[in-house]
Amino acid sequence: MNNNMKKIYDILLKEYGLQGWWPILDYIGENPTKTGSISGYHQGDYSFPRNDDERFEICAGAILTQSTAWTNVEKALLNLKKRNVLNEKGIIKLSHGKLKELIRPAGYFNQKAKKLKKFAEFYIKMDGKTPHRDELLDVWGIGPETADSILLYAYKVPSFVVDAYTRRIFSKLGMIDNKSTYDEIKSMFEDSLDRDYRIYQEFHALIVEHAKRCYSKGGDECMLQKQLIK
DNA sequence: AACCAGGACGTGA
DNA sequence: TCACGTCATGGT
């Protein structure tokens with residue numbers, strides 16, 4: 001009762017387990033392969049990103065997955081990785097046309113090519129420094145959710161990610177109404193949880209997992225919904 | 001064969 | 001401010 005949010009987190013965690021987000025491309029020998037095929041999800045390991053390439057990969061994935069299924073994003077990331085351009089210098093070096101071609105499967109490729117270019121410039125300008133949220137929001141193509149995803153998963157900054165699933169689930173639970181702003185919802189979570197990036201990471205991933213099971217077509221398993229309300 | 005996916009931007013009112 | 005159209009591929 002005092003802390004519904006923590007209770008909901010515990011229920012989801014118990015039900016679905018650690019999610020191990022953000023997914024990172026995997027390797028078979030030297031060859032990059034899609035996330036999750038071996039261990040792209042890294043349950044219980046919070047050491048990611050382990051290097052600068054992985055950090056940039058997370059950022060690029062956050063941009064490419066805007067309103068797009070992850071399976072499509074993987075194809076784009078793999079295209080970039082295989083050409084060794086899944087990094088800031090590579091993105092800068094590519095022509096717009098070539099970049100569009102490589103990220104085509106992720107959809108919205110005209111916009112996303114521009115977004116990746118803009119972000120790569122920003123990334124170089126940051127020179128390894130952790131960006132502030134406002135700085136990310138000033139980059140063309142980066143809105144609140146993408147900014148928070150980058151902060152939380154690429155930089156381990158405890159900045160809660162609010163997405164469409166979060167709205168659906170928690171408005172269904174009566175904890176937010178449809179006129180709530182992004183920042184209001186974000187604050188609701190941050191005010192009632194320990195300021196721990198690991199919890200923020202897992203919670204957002206659990207919300208996505210729960211929504212996919214309960215709010216997609218053929219979504220059953222929604223008895224969980226009843227547990228959550230208590 | 002419509003519908004939608006881990007959003008953000010541009011526009012008009 | 002805010003509601004609404006637009007962007008695009010690949011799954012069901």
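First the proteins, then the strands, lettered A, B, ... as listed; each starts at 1.
- Rounding to the nearest 0.5 Å gives a distance of 9.5 Å between CG of Asp177(A) and CZ of Arg167(A).
- Atoms CG (Leu64(A)) and C1' (dA8(C)) sit 13 Å apart, rounded to a whole Å.
- Residue Tyr215(A) contributes atom OH, which lies 17 Å from atom C1' of dC4(B) at whole-angstrom precision.
- At least one side-chain nitrogen or oxygen of Lys75(A) sits closer than 4.0 Å to the OP1 or OP2 atom of dG11(C).
- In this entry the distance linking CD of Glu209(A) with P of dA5(B) reads 15 Å, nearest Å.
- Within the nucleic acid shown, Arg168(A) comes within 4.0 Å of sugar-phosphate atoms alone, with no base atom in reach, counting heavy atoms only.
- Atom-to-atom distance recorded for Ser47(A):OG and Glu54(A):CD is 8.0 Å, nearest 0.5 angstrom.
- Between the CG atom of Asn79(A) and the C1' atom of dT9(C) there is a distance of 13 Å, given to the nearest Å.
- Within a 6.0 Å radius of CG in Asp194(A), other residues, nucleotides and ligands contribute 12 heavy atoms or fewer.
- Ion pair Lys14(A)/Asp10(A) not flagged as a salt bridge, since none of the NZ, NE, NH1 or NH2 atoms sits closer than 4.0 Å to an Asp/Glu carboxylate oxygen.
- Summarising the geometry, atom SG belonging to Cys59(A) is positioned 4.5 Å from atom CD1 belonging to Ile150(A); distances are rounded to the nearest 0.5 Å.
- Aromatic ring centres of Tyr215(A) and Tyr165(A): separated by at least 6.0 Å.
- Nucleic acid contact for Lys112(A): none, since no nucleic acid atom lies under 4.0 Å from a heavy atom of the residue.
- For Phe189(A) and Tyr200(A), the ring centers sit 6.0 Å or farther from each other.
- The nearest whole Å value for the distance from the CZ atom in Arg213(A) to the P atom in dA5(B) is 18 Å.
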* Structure fact -> A correct 5'-to-3' footprint of nucleotides 7-13 of chain B, with B, S and - meaning base, sugar-phosphate only and no protein heavy atom under 4.0 Å, is BSSS---
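- Put simply, NZ on Lys34(A) is 15 Å from P on dG10(C), counting in whole angstrom units.
- A straight line from CG of Asn178(A) to P of dA3(C) spans 11 Å, rounded to a whole angstrom.
- Asn72(A) has no side-chain polar atom (N or O) that falls below the 4.0 Å cut-off from OP1 or OP2 of dA8(C).
- With both ends at atom P, the span from dA8(C) to dA1(B) equals 24 Å, rounded to whole Å.
- Judged by Watson-Crick or G-U wobble contacts below 3.5 Å, the nucleotide dG5(C) has dC9(B) as its partner.
- In this entry the distance linking NZ of Lys179(A) with C1' of dT1(C) reads 15 Å, nearest Å.
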